[in-house]
K.L.:
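Can you keep this structure in mind? I'll have questions shortly.
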Amino acid sequence: MKVTIRITGDVLSAYIPKKDLEEPIISVANEDLWGGSILLRNGWRLALPHLPQDTRLPVTVEANIRRH
């Protein structure tokens, strides 16, 4: 699913247009964000693709929901 990762002030969030949902990111698995997973406040864990560490935000990527 397409996800836009953006930062507003000091809050990193993920916007999912298909669901018209924006949730704060509460946990990041990889220090550089890309190529790991993120945990959203609503409990969803999304796997992000590998991107260069200096990728500027906002950016729209294809992410996968990770099941436990």
Side-chain angles (χ1 to χ4, degrees):
M1 82 175 62
K2 295 233 182 268
V3 176
T4 300
I5 306 297
R6 56 187 171 198
I7 190 163
T8 306
D10 61 351
V11 177
L12 191 61
S13 65
Y15 174 68
I16 304 162
K18 186 176 184 178
K19 304 282 187 188
D20 193 26
L21 172 73
E22 183 162 11
E23 287 288 324
I25 297 171
I26 61 170
S27 169
V28 177
N30 284 0
E31 189 172 315
D32 66 358
L33 181 65
W34 309 115
S37 65
I38 57 174
L39 179 63
L40 305 182
R41 182 178 61 190
N42 69 356
W44 291 7
R45 185 170 299 275
L46 303 177
L48 299 179
H50 290 278
L51 294 176
Q53 189 171 1
D54 61 350
T55 299
R56 299 182 133 213
L57 299 179
V59 65
T60 300
V61 297
E62 192 68 32
N64 297 313
I65 295 179
R66 285 203 169 160
R67 308 271 186 233
H68 296 285

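Sequence positions, counted from 1, serve as the residue numbers for this chain. Just the heavy atoms: all of them, side chains too, but no hydrogens, waters or symmetry mates, feed the values below. Computed from a predicted structure; not experimentally measured.
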K.L.:
Nearest 0.5 Å, what's the OG-CG distance between Ser37 and Leu46?
P.N.:
8.5 Å

K.L.:
Can I get a per-line list of side-chain donor-acceptor pairs under 3.5 Å for residues 22-33, giving both atom names and the distance, sequence neighbours left out?
P.N.:
residue, atom, partner, partner atom, Å
Glu22, OE1, Arg6, NH2, 2.8
Glu22, OE2, Arg6, NE, 3.0
Glu22, OE2, Ser13, OG, 2.7
Glu23, OE1, Arg41, NE, 3.4
Glu23, OE1, Asn42, N, 3.4

K.L.:
Is it possible for you to say whether Leu57 and Tyr15 belong to one hydrophobic cluster, with membership spreading through side-chain heavy-atom contacts below 4.5 Å?
P.N.:
no

K.L.:
Calculate, to the nearest 0.5 Å, the distance between atoms CD and NZ belonging to Glu62 and Lys2 respectively.
P.N.:
4.5 Å

K.L.:
Just how far is it from atom CG of Leu48 to atom NE2 of His50, taken to the nearest 0.5 Å?
P.N.:
10.0 Å

K.L.:
Which residues pass the side chain to side chain donor-acceptor pair (under 3.5 Å) test with Thr8, not counting sequence neighbours?
P.N.:
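So Thr8 forms no side chain to side chain donor-acceptor pair (under 3.5 Å) with any residue.
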
K.L.:
Does a side-chain heavy-atom distance below 4.5 Å link Leu12 with Ile38?
P.N.:
no

K.L.:
Does any part of the side chain of Leu21, heavy atoms only, come nearer than 4.5 Å to the side chain of Leu40, both counted from C-beta?
P.N.:
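In short, these two side chains do not touch, never coming nearer than 4.5 Å.
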
K.L.:
State which residues pass side chain to side chain donor-acceptor pair (under 3.5 Å) with Thr55; sequence neighbours excluded, sorted by chain then number.
P.N.:
none

K.L.:
Answer whether the closest heavy-atom distance between the side chains of Thr4 and Val59 falls below 4.5 Å.
P.N.:
no

